[in-house]
Novice: 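Quick one: the structure is below, and I'll ask about it shortly.
Whatever order the structure lists ligands and atoms in, that order sets their numbers, starting from 1.
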Amino acid sequence: LRVSGTHYRTIWIAESGTVRAIDQSRLPFELATIDLETLADAAQAIKTMVVRGAPLIGATAAYGMALAARSNPSDAHLAEAARTLQATRPTAINLLWALTRVRTVLAEVQPKERVDVAFREAAAICDADVEQCRLIGVHGLELIRGLAKTAGRRLNILTHCNAGWLACVDWGTALAPVYMAHDAGIPVHIWVDETRPRNQGAALTAFELGAHGVPHTVIADNLGGHLMQRGQVDLVIVGSDRTTAGADVCNKVGTYLKALAARDNGVPFYAALPASTIDWSLQAGSAVPIEERSPDEVTHITGRSSSGRIETVRLVPEGSTALNLAFDVTPARLVTGLITERGICSASRAGLQRLYPDLRAAQ
Ligand code: MRU
């Protein structure tokens, strides 16, 4: 999407041939980029969340394999590189999906051809992600159009974390329908959960919606239920880091509570995701590995001070411990539907099988 008139993807190949990505640790205060020159750079960028969001983690890992091949294209080195990248973040299945895809094509060619093949495959993964997100937008747009028509007024949509273009290569998953609705002239307003502890909503979702001119309001994570009780939320759309074959949706911690509140208040709750986010090997969400991050992300908060400096300050008394589990699982029964690049289906095994008979059969 565009920022100040310039079109960006989150990751691309610069004219110099380097892999370049938006440095999301600097947003919303500065739109800076980072060059990834080595496998270690790519792994570090994923681990420290300079790049984040399930589809973008996958795309970066694919380029990480290409960078690894550039330094040493042997089988042993590539196997080690895949292990290094796989160990960066455990929850988003897109990481393993992209690594498997690149390793499969590399296994079929001689070492001397592997650099070119890996870069081509990483670029193909990026292009496919853009197209899948665009299609999610097309299908989600029809959902929003229908609800807006029934409501007969501006539609209030709540989202959690950042599942916009910054989480993908372009467009986003949960936000692609929002951008398309806004561009189609359908009046939408977005409630943006701040998304503690790392505040991806307040920092990233608010940044990208603002850059595109979409009306939005940042809210504390706990306000959503109250707004739903007062009829001020018409629709919830979230992303997903891993959706099981049984359609349980693992996403940023706090998503489950929004789904419970939505169910209690009769608000439709959708998850938007491409096929690369589906883990066909798992039936139940309870088996999804949940990332545990540093307690410092809970005990401290980072922002820009009035002097203009980026500063991190402590919120919690010295001596109190904190637990930082980064994701939770929303059971399929609380999910109204899944918005995918192939259309919208019920959040059920049967719904996914109907849309993806080929992928399911391949497992
Ligand atoms: O920890 P993050 O910022 O990588 O978590 C991101 C999310 O939870 C997104 O909702 C998810 O990746 C879907 S992205 C389109």
Novice: Quick one: ligand 1 N/O to protein N/O pairs below 3.5 Å?
Specialist:
unit_1: ligand 1; atom_1: 1 (O); unit_2: Arg89; atom_2: NH2; d: 2.8
unit_1: ligand 1; atom_1: 1 (O); unit_2: Lys252; atom_2: NZ; d: 2.7
unit_1: ligand 1; atom_1: 3 (O); unit_2: Arg52; atom_2: NE; d: 2.9
unit_1: ligand 1; atom_1: 3 (O); unit_2: Arg52; atom_2: NH2; d: 3.2
unit_1: ligand 1; atom_1: 3 (O); unit_2: Gln200; atom_2: NE2; d: 2.9
unit_1: ligand 1; atom_1: 4 (O); unit_2: Gly53; atom_2: N; d: 2.9
unit_1: ligand 1; atom_1: 4 (O); unit_2: Arg89; atom_2: NH1; d: 2.9
unit_1: ligand 1; atom_1: 8 (O); unit_2: Asp241; atom_2: OD1; d: 2.9
unit_1: ligand 1; atom_1: 8 (O); unit_2: Asn251; atom_2: OD1; d: 3.2
unit_1: ligand 1; atom_1: 8 (O); unit_2: Lys252; atom_2: N; d: 3.4
unit_1: ligand 1; atom_1: 10 (O); unit_2: Asn251; atom_2: OD1; d: 2.7
unit_1: ligand 1; atom_1: 12 (O); unit_2: Ala54; atom_2: N; d: 2.9
unit_1: ligand 1; atom_1: 12 (O); unit_2: Asp241; atom_2: OD1; d: 3.3
unit_1: ligand 1; atom_1: 12 (O); unit_2: Asp241; atom_2: OD2; d: 2.9

Novice: If you link ILVMFWY side chains whenever their heavy atoms are less than 4.5 Å apart, which other residues fall into the same cluster as Leu315? By chain and number, please.
Specialist: Ile301, Val313, Val316
Novice: Using ring pair (Phe, Tyr, Trp, His ring centres under 6.0 Å) as the criterion, list what pairs up with His182, not counting sequence neighbours.
Specialist: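 For His182 the ring pair (Phe, Tyr, Trp, His ring centres under 6.0 Å) partners, ignoring immediate neighbours, are His212.
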Novice: In terms of side-chain geometry, is the basic nitrogen of Arg153 or Asp234 positioned less than 4.0 Å from the acidic oxygen of its partner?
Specialist: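 The answer is yes: the pair qualifies as a salt bridge.
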Novice: Partners of Thr104 by side-chain contact (heavy atoms from CB on, under 4.5 Å), sequence neighbours excluded?
Specialist: Thr100, Glu108
Novice: Does the pair Arg293/Glu291 count as a salt bridge with the N-to-O cut at 4.0 Å?
Specialist: yes
Novice: Please check this pair: side chain of Thr91 against backbone of Pro289, looking for a donor-acceptor N/O pair closer than 3.5 Å.
Specialist: yes
